[in-house]
Amino acid sequence: MNQPIIELKQVTKSFGPVDVLKGIDFEAHAGRVTALVGDNGAGKSTLIKGLAGVQPYDGGVVLFDGEPVHLHHPREAARYGIEVVYQDLALCDNLDIVQNMFLGREEMAQGTFDEGRMEVEAAAALQSLSVKTVKSLRQKVASLSGGQRQTVAIARSVVKQAKVVILDEPTAALGVAQTAQVLSLVRRLADSGVAVIIISHNLQDVFQVADDIAVLYLGTMTARVRAAETDPDEVVGYITGTKTRGAAA
Ligand SMILES: Nc1ncnc2c1ncn2[C@@H]1O[C@H](COP(=O)(O)OP(=O)(O)O)[C@@H](O)[C@H]1O
Ligand SMILES: [Mg+2]
């Protein structure tokens with residue numbers, strides 16, 4: 001496989017005496033969906049917060065496109081095009097879809113927000129993901145379904161021209177039909193060339209959408225496998241610590 005866009009080498013993180021990440025190797029590739037799985041407390045969120053720059057790693061190396069980088073602040077992660085869609089989505093209910101997609105980076109035109117341009121770009125982002133479930137871009141986000149909210153949050157990363165999009169349990173609160181919609185959106189996002197990292201507890205979702213699977217067990221990466229070369233039973237074994245497999249991928 002070609003060079004990963006993100007590569008972690010022996011990354012560590014401790015909270016006081018507790019070693020939460022114990023020398024993690026991990027990689028994510030442009031155009032691929034990498035699922036990050038593991039039981040509660042395994043260290044998934046800690047791994048992601050390091051990539052997002054919100055909670056820097058203590059040790060190890062992060063390579064972006066093969067070059068060592070320092071992710072000590074969300075600003076630095078954003079500069080490399082690393083975007084996280086958190087579980088709470090951080091959307092503003094009282095604002096409409098366009099306003100949410102440009103939150104914090106409104107396009108300025110002669111001192112005021114260029115609403116026309118933002119609307120065009122928002123529409124283009126949704127179209128690039130083949131989103132047809134949103135009727136009006138001027139709908140308030142409060143009126144959207146869970147799946148539509150997730151769609152807006154993911155499309156926001158397209159507006160930001162993200163290269164690496166990290167999704168934290170994007171289908172956790174969704175029903176069957178909306179889960180299918182969001183997973184196909186995740187696939188299209190990867191097909192557009194983005195490296196997608198998806199955290200999920202649902203192995204059915206993982207096997208539906210992921211190309212690669214990375215398993216964390218108590219702060220150790222116990223398996224890195226291609227989805228096509230494993231199965232849910234085996235992955236459950238990695239998650240529960242009854243099975244291990246060297247860094248394959
Ligand atoms: N800020 C923190 N201070 C102390 N311990 C923490 C902190 N954040 C996470 N931990 C601990 O690190 C471990 C991994 O947590 P986390 O990364 O949230 O796991 P996951 O997302 O896989 O459920 C847990 O034991 C958790 O209690
Ligand atoms: Mg977590």
Side-chain angles (χ1 to χ4, degrees), residues 6-28 33-62 70-77 82-91 146 149-150 153-154 157 162 164-174 179 182-183 186 195-210 212-225 227 230 232 234-245 247 249:
I6 289 285
E7 185 169 7
L8 305 184
K9 289 183 171 180
Q10 291 300 303
V11 158
T12 57
K13 179 73 186 178
S14 304
F15 294 105
V18 185
D19 298 330
V20 174
L21 300 178
K22 303 172 186 170
I24 299 292
D25 292 336
F26 174 80
E27 55 188 54
V33 177
T34 304
L36 180 60
V37 301
D39 225 336
N40 287 335
K44 304 182 296 297
S45 295
T46 305
L47 190 67
I48 289 323
K49 286 176 188 165
L51 276 177
V54 299
Q55 204 175 72
Y57 303 125
D58 296 333
V61 178
V62 181
H70 293 281
L71 303 174
H72 289 144
H73 192 279
R75 223 175 19 237
E76 288 164 329
I82 301 170
E83 291 292 334
V84 185
V85 178
Y86 290 102
Q87 219 161 355
D88 63 8
L89 299 183
L91 297 176
R149 294 168 68 89
Q150 191 73 48
I154 292 172
S157 70
V164 179
V165 175
I166 302 167
L167 305 165
D168 193 1
E169 296 273 359
T171 62
L174 303 182
T179 293
V182 167
L183 290 180
V186 168
V196 180
I197 300 170
I198 181 172
I199 297 179
S200 180
H201 271 98
N202 186 324
L203 288 187
Q204 203 179 329
D205 289 4
V206 166
F207 275 87
Q208 191 174 328
V209 78
D212 306 307
I213 302 176
V215 187
L216 270 177
Y217 175 72
L218 297 179
T220 302
M221 196 62 91
T222 51
R224 284 161 58 202
V225 291
T230 184
E234 203 172 56
V235 172
V236 168
Y238 300 139
I239 291 173
T240 55
T242 58
K243 253 178 187 288
T244 55
R245 179 151 152 180

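Whatever order the structure lists ligands and atoms in, that order sets their numbers, starting from 1.
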Enquirer: Before accepting this row, confirm whether a basic side-chain N of the pair K9/D25 lies closer than 4.0 Å to the acidic partner's carboxylate O.
Expert: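 No salt bridge links K9 with D25.
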Enquirer: Just by distance, do the side chain of D39 and the backbone of A42 share a donor-acceptor pair under 3.5 Å?
Expert: no
Enquirer: Quick check: does any side chain N or O of K44 sit under 3.5 Å from a backbone N or O of G38, one acting as donor and the other as acceptor?
Expert: yes
Enquirer: So, 2.8 Å as the limit: is an N/O/S atom of T46 located closer than that to the Mg ion (ligand 2)?
Expert: no
Enquirer: For a quick check under 3.5 Å, do H201 and E169 share a side-chain donor-acceptor pair by atom type?
Expert: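 Looking only at side-chain atoms, E169 and H201 do form a donor-acceptor pair, the distance falling under 3.5 Å.
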Enquirer: A quick test of your reading: do over 12 heavy atoms of other residues, nucleotides or ligands sit less than 6.0 Å from CD of Q204?
Expert: no
Enquirer: Can you list, by chain and residue number, every protein residue with a non-hydrogen atom closer than 4.0 Å to ligand 1?
Expert: F15, V20, D39, N40, G41, A42, G43, K44, S45, T46
Enquirer: Could you verify whether a donor N or O on one side chain and an acceptor N or O on the other, from D58 and T12, lie under 3.5 Å apart?
Expert: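 The answer is no; no qualifying pair exists.
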